[in-house]
2 protein chains.
Amino acid sequence: MTNKAKEIFRSYLSEKGLRNTRQREVILDAFLAADKHITVEELFNAIKKKNPEIGYATVHRNVSLFCECGLADEMKIGTQKTKYEPKIGHKHHDHLICVKCGRIIEVNDSKIEKLQDKLAEANDFTPVKHRLEIYGICKQCR
Amino acid sequence: MTNKAKEIFRSYLSEKGLRNTRQREVILDAFLAADKHITVEELFNAIKKKNPEIGYATVHRNVSLFCECGLADEMKIGTQKTKYEPKIGHKHHDHLICVKCGRIIEVNDSKIEKLQDKLAEANDFTPVKHRLEIYGICKQCR
DNA sequence: CAGTATCTTGATAATGATTATCATTACACT
DNA sequence: AGTGTAATGATAATCATTATCAAGATACTG
Ligand SMILES: [Mn+2]
Ligand SMILES: [Mn+2]
Ligand SMILES: [Zn+2]
Ligand SMILES: [Zn+2]
């Protein structure tokens with residue numbers, strides 16, 4: 001999936017008149033390699049090991065770009081810092097979030113998805129995306 | 001509903017060994033009177049008209065208390081500042097959020113609610129609350 | 001290939017909402 | 001009324017994110 005992601009990113013850049021850079025390649029590789037919900041800080045620290053010259057702001061800027069071009073999704077949960085997750089190679093899903101340990105379970109229910117679309121339509125509303133988060137206590141914390 | 005809310009708030013305070021104050025009465029009244037999604041800043045400005053001596057931090061602190069005791073719900077939407085809405089006298093609902101104009105439509109679908117509980121249960125997860133936000137384009141913006 | 005326009009970077013400062021600090025005031029209970 | 005302690009209000013601190021800007025890199029152009 002890495003190749004497809006790079007393809008998408010490069011197309012987006014040229015389409016917007018932006019330029020590709022060594023840093024962008026490094027940051028995208030690191031983001032795809034992490035393959036989980038990750039904060040900018042965590043990503044920055046992972047990158048720092050091999051590429052200590054890349055700045056925090058540059059990581060920030062490029063994660064925003066990943067979101068813009070559809071490669072990443074932003075997750076703001078409670079007061080935690082914003083997390084990002086790759087969209088390429090991952091089907092859409094929602095989250096069960098344990099309020100005790102913070103564990104995140106990924107789920108999907110096609111019935112709910114369909115009902116959401118119906119609900120939007122019934123309100124003359126054209127949905128573009130949604131966020132469903134169920135907070136509670138996970139198996140391990142009970 | 002104002003009386004019930006005050007009842008709940010006062011019980012919570014005494015239960016926690018906290019004290020009631022003139023400011024707390026004023027802030028709770030103003031919050032309940034607003035009766036909509038409101039930011040701390042907006043609430044502060046509303047209060048300032050008649051009670052200019054009440055500080056911003058005090059409004060902040062007490063809105064947090066309202067959330068703790070179940071009188072208010074916190075809504076973090078995108079990059080907007082946190083909004084709060086009263087829970088007393090309002091049934092649970094979810095939100096359709098227009099990405100163009102910011103309009104918020106309140107909705108509820110009991111089928112979705114039930115399926116969410118099933119989904120949680122199927123994952124050995126005990127739900128305590130959830131958040132469903134559907135982002136899209138509202139009727140007026142199409 | 002060199003020239004050039006403009007984008008990107010990295011360091012750092014600014015921003016802005018939220019939270020902490022702390023001296024002073026006010027509450028609640030005896 | 002007296003007393004212990006919580007609450008307040010002004011202000012500072014925090015901290016993630018965003019802006020700034022000089023220096024460097026990139027992608028064309030001829
Ligand atoms: Mn996920
Ligand atoms: Mn609402
Ligand atoms: Zn847990
Ligand atoms: Zn709209």
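The sequence lines fix the lettering, A, B, ..., with proteins before strands; numbering per chain opens at 1. None of these values were measured; they are calculated from a predicted model.
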Got a sec, which residues hit side chain to side chain contact (heavy atoms under 4.5 Å, CB included) with A/Asp73, two or more places apart in sequence or on another chain? A/Glu85, A/Lys87
Show which side-chain atoms of residues 114-122 of chain A pair as donor or acceptor with protein atoms under 3.5 Å away, not counting sequence neighbours.
from: A/Gln116; atom 1: OE1; to: A/His130; atom 2: ND1; distance (Å): 3.1
from: A/Gln116; atom 1: OE1; to: A/His130; atom 2: NE2; distance (Å): 3.2

What is the nucleic acid contact for A/Glu53, judged by heavy atoms within less than 4.0 Å: base, sugar-phosphate only, or nothing? sugar-phosphate
Just wondering, do A/Lys6 and A/Asp29 contact through their side chains at under 4.5 Å, heavy atoms? yes
Keeping to residues at least two apart or across chains, list the ring pair (Phe, Tyr, Trp, His ring centres under 6.0 Å) pairs with something in residues 64-86 of chain B. B/Phe9-B/Phe66, B/Phe31-B/Phe66
Using 30° and 60° as the class boundaries, would you call the ring planes of B/His95 and B/His93 parallel, tilted or perpendicular? perpendicular
Whole-Å distance between D/dA16 P and A/Asn45 CG? 12 Å
Separation of B/Leu65 atom CG from C/dT18 atom C1', in whole Å? 15 Å
Could I get the full list of side chain to side chain contact (heavy atoms under 4.5 Å, CB included) partners for B/Glu53, not counting sequence neighbours? B/Arg22, B/Asn51
Strictly below 4.0 Å: does A/Thr58 bring a side-chain N or O up to OP1 or OP2 of C/dT8? no
Length of the NZ-P vector between B/Lys76 and D/dT17, whole Å: 11 Å
Under the ring pair (Phe, Tyr, Trp, His ring centres under 6.0 Å) test, residues paired with A/Tyr12 that sit two or more places apart: none
Please report how far the helix from C/dC1-D/dG30 to C/dT30-D/dA1 bends, comparing the axis fitted to its first five pairs with the axis fitted to its last five, to the nearest 10 degrees. 30°
Specify the separation, in whole Å, of atom NZ of B/Lys81 and atom C1' of D/dT17. 15 Å
Mind listing the residues from residues 11-37 of chain B sitting with a heavy atom below 4.0 Å of DNA chain D? Number order is fine. B/Gly17, B/Leu18, B/Arg19, B/Thr21, B/Gln23, B/Arg24
Distance in angstrom units between A/Glu68 CD and D/dT18 P, rounded: 11 Å
Which atom pairs, donor and acceptor, lie under 3.5 Å between side-chain atoms of residues 135-142 of chain B and protein residues at least two apart or in another chain?
from: B/Tyr135; atom 1: OH; to: B/Glu133; atom 2: OE1; distance (Å): 2.6
from: B/Arg142; atom 1: NH1; to: A/Thr126; atom 2: OG1; distance (Å): 2.7
from: B/Arg142; atom 1: NH2; to: A/Asp124; atom 2: O; distance (Å): 2.9

Residue list, side chain to side chain contact (heavy atoms under 4.5 Å, CB included) with B/Ala57, at least two apart or on another chain: B/Arg61
Spacing of A/Ile77 atom CD1 relative to D/dA16 atom C1', expressed in whole Å: 16 Å
Write out a two-atom table: protein N or O, nucleotide N or O from nucleotides 19-21 of chain D, distance below 3.5 Å.
none

Whole angstroms only, please: what is the CD1-C1' distance between A/Ile54 and C/dT12? 18 Å
What pairs with B/Glu7 under salt bridge (charged side-chain N to carboxylate O under 4.0 Å, His left out), at least two apart in sequence or on another chain? none
Whichever of B/His60 and A/Tyr56 has the more 5' nearest nucleotide on DNA chain C, that residue is A/Tyr56
Length of the line joining A/Glu74:CD and D/dA16:P, which is rounded to integer Å: 15 Å
By side chain to side chain contact (heavy atoms under 4.5 Å, CB included), which residues pair with A/Ala46, not counting sequence neighbours? none
If we only count heavy atoms from C-beta on, is the B/Glu113 to B/Asp94 side-chain gap below 4.5 Å? yes
If only side-chain N and O atoms of B/Asn62 are considered, is one of them under 4.0 Å from the OP1 or OP2 phosphate oxygen of D/dT8? yes
